[in-house]
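Quick one: this structure, given as structure tokens, is what I'll be asking you about.
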Amino acid sequence: MQASEKQKIIEVSNLNLSFGKKHILKDISFYCYEGEILGLMGISGAGKTTIVRVLVAQLPNFTGKVICAGMDVKKSGIKILQKIGYVPQLESLNLYYNFTALQNVRIFGSMFGLSKKEAIEQGKRIFQVLEIPEDTWKSKVKDMSGGEKKRVSIALGLINNPEVLFLDEPTTGVDASKRFDILNYLRKLNREIKTTMVIVTHDLETSNICDKVVLLRNGQIVDFDTPANLIYKLPSNGEIARLKIDELSNKIIETIQNKDYVKYVLRVGKNDIEVYLHDINNNIKKLVDQLVDNNILVSSVTRGEASFKRYFQIRMQSIEQSKNEV
Amino acid sequence: MGLKESFSRIIKLLYKEFSLIKGDKRALFMALALPPLIISAFGFVGVISDIEGTPINCAVITYDSLGYYYPQYNTTYYNSTWDSVFINMFNNGQFPRLKLKIFYNASEDPYSMHEARLDLASDKVDLIILIPAEFSEAIDLGFPAIIDNIPDGSNIETIKDSLNLMYTATNIFVETNNITPQINMNSRPVYGVPQNANEIMAWASTISLPFLIIGSCLTLTILSVVNEKPIPRLLITPAKKGEVLAAKYIANSIIMIAQCVLTVTFASIFGLYISGSIVDLFLALFAIGFYGMCMGLLISTISDTETQANQLLVAVFLIMILLSGMFIDISNMNIVLQVIAYGLPFAYAVPLISEICFKAKGIFTNPTLFWNFMGIIIICMVMIFLTYLIFKLKRKEV
């Protein structure tokens, strides 16, 4: 199905929110289609969690149009809660540690009108998708490992088979390997259960599983697009030349930066830089030749694509620069 | 060297500890303000209240004016001099704390004793003083005279007080009137604890049962809201705040039913004297426990941290004890304190338990007891409303 044929399950237009005199959200507009994963990204205080609170009808005093799970949040109010799932950042805020995983599932399932049997069946189904070991299902949550707790927490968010699942910082506080696992589980859930997901995060790796990303800063949208399109917006359309230069110094970086065909230079290691060039095909050789002519020893040159992390870094730096210039 | 480093680390840890304490400003405020507040409250109660003691309301019946028939002279002799003196002294307030509430002349009203007993049963009076026939004659002839007193035995304080006060009164009577005969006293409390019942438990029950039930219900519920971290998460389901609270009230009430059944059962096993209905006692205990639960949930909802909840628990419990009427009778307190005291459970709980256990009164048959019971229920309703309001207004965010 093409994106244009899909239903917009989340649509936010000109969302504004103030707490007293403080303008928290300023003209926020974005959307998301059914079955997509949307990332709300930005540094702390950008307004990510506040947007989610508006979407889950916890902050009613906003202006603008907000559609969530196909319902107008302003009109439907808390009725929307029947159609959404929520996974908080901390498991302790989501799980009753003295109950078993299945008891937790039963409690939260019953809030959505599920019978004991239905809740447990649904819970078991999600536990299986999330590969939570069966022998732990009847263990108290407090005795589970950190990763298992996180997955039970995600399972609770899905207990009502929601149209939209909100996840608040799902990878925060877990080590690199588990972070990778969690992102994989989320992708797997999205494919198997087809739930639309909204992930609030400042972990840029999460963009790997996102269909669209809303980049926020100080309550405003900086960019909204697919991760690939955002990277494409970088100088040289996200293509980079990676150079390893012996005895790399700031002076050398400055020399490179001053070339008229060089758009951006980023130091990424002791002797490594990433260079964003205008017309990379023709200018990469030119750059290396000029460096060699200036007795700068280039030990390796590779070509590749920028990561989302680089996009974020460059985008934020450019905003800071333009702000300083103003 | 090691000691110096250790000391230095303790200093740094102290900084951390003070920062932590400073972090919860309300808890810090309560930690510092609570002792002076409670002490001031005790002092205030003592200063403004009549610590002389509660008046003992008396019904006096005199049989002295009944005539005495002398067969040898075939005549009836009437002498009612000294009972009149005694009653006048009573009326003039010459007997400390004894207050003449009702006077019966048995020579005119043959049902005096019956009526006085009804007054005692309905708490109109605390003590019946009975001046027997030939009281004046005995004094005139120099024989030992007798005064009977019948205190309300459902209150151990009344028994002790009435006996002491009557001794004082008779001494004053003898000394003031410069009469020689000794006056003997018979004290026969009614509504007391019978021989076969556990007397200590019976006396203790009126105050200890409410404390026991309230204390256990408070501790059961005091952390119920403040400690349940997933509540904000529950509120991002169709569950409403009112429903979350209602579930807490219902669950704790069920536990309380079991608690009350166990309390009554064990008290009965150990010989608690219950002259009234056991169902009424159970209902009274349930209402008292319900108050404890409502107070516990209110404190838990107000508090932001466990420390704050525990501090409030101590404060509330101390105030409850202070204004329970154990130390100073509520009717002797300043009007402000009376209002507070009547907002606390003991003003209602103690009479409820003692009247059911000792006087066999029923909650639904005795209007006073019914309103004591309803007093607790009404306060509970107010607390439930306040708890709901605070819970509703308080921001609960995950």
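Reminder, nothing fancy here: chain letters follow the sequence lines and each chain counts from 1.
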Shortest non-hydrogen contact between A:Leu81 and B:Leu235, atoms and distance: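 Looks like CD1-O, 3.7 Å.
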Residue-level interface, residues 83-116 of chain A with chain B, non-hydrogen cut-off under 4.5 Å: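 Residues in range: A:Ile84, A:Tyr86, A:Pro88, A:Ser92, A:Leu93, A:Asn94, A:Leu95, A:Tyr96, A:Phe108, A:Met111, A:Phe112.
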Testing the basics here: between A:Leu156 and B:Arg233, what is the closest heavy-atom pair and its distance to 0.1 Å?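 Nearest pair, atom of A:Leu156 first, then B:Arg233: O-NH2, 3.9 Å.
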Over 12 foreign heavy atoms within 6.0 Å of NZ, A:Lys140: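 No, NZ of A:Lys140 has 12 or fewer neighbouring heavy atoms, counting only those of other groups under 6.0 Å.
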Measure distances from B:Pro238 to the heavy atoms of chain A and classify the residue's part below 4.5 Å as side chain, backbone, both or neither.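 It is both, since atoms from each part get that close.
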Is it the case that more than 12 heavy atoms not belonging to A:Lys8 sit under 6.0 Å from its NZ atom?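 More than 12 within 6.0 Å, yes.
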Would you say that more than 12 heavy atoms from the other residues, nucleotides or ligands in this model lie under 6.0 Å from the NZ of A:Lys124, or not?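 Not buried by this count: 12 neighbours or fewer within 6.0 Å.
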Hey, is NZ on A:Lys65 packed in by over 12 heavy atoms from elsewhere, all under 6.0 Å?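 Check fails, neighbour count at 12 or below.
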Counting only non-hydrogen atoms closer than 4.5 Å, does A:Gln58 touch chain B with its backbone (N, CA, C, O), its side chain (CB onward), both, or neither?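 When you check distances to chain B, only side chain atoms of A:Gln58 fall under 4.5 Å.
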Please look at B:Glu243 and chain A and tell me whether the side chain, the backbone, both or neither of the residue comes under 4.5 angstrom of a heavy atom of that chain.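 Looking at B:Glu243, nothing touches chain A.
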Counting only heavy atoms not in B:Phe364, do more than 12 sit closer than 6.0 Å to its CZ atom?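 More than 12 within 6.0 Å, yes.
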Listed by chain and number, what are the salt bridge (charged side-chain N to carboxylate O under 4.0 Å, His left out) partners of B:Glu306, not counting sequence neighbours?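 Checked B:Glu306 against salt bridge (charged side-chain N to carboxylate O under 4.0 Å, His left out); zero matches.
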Is the number of heavy atoms from other residues, nucleotides or ligands under 6.0 Å of A:Phe19 CZ greater than 12?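 Yes.
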B:Lys229, NZ atom: more than 12 neighbouring heavy atoms under 6.0 Å: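 Result for NZ/B:Lys229: open.
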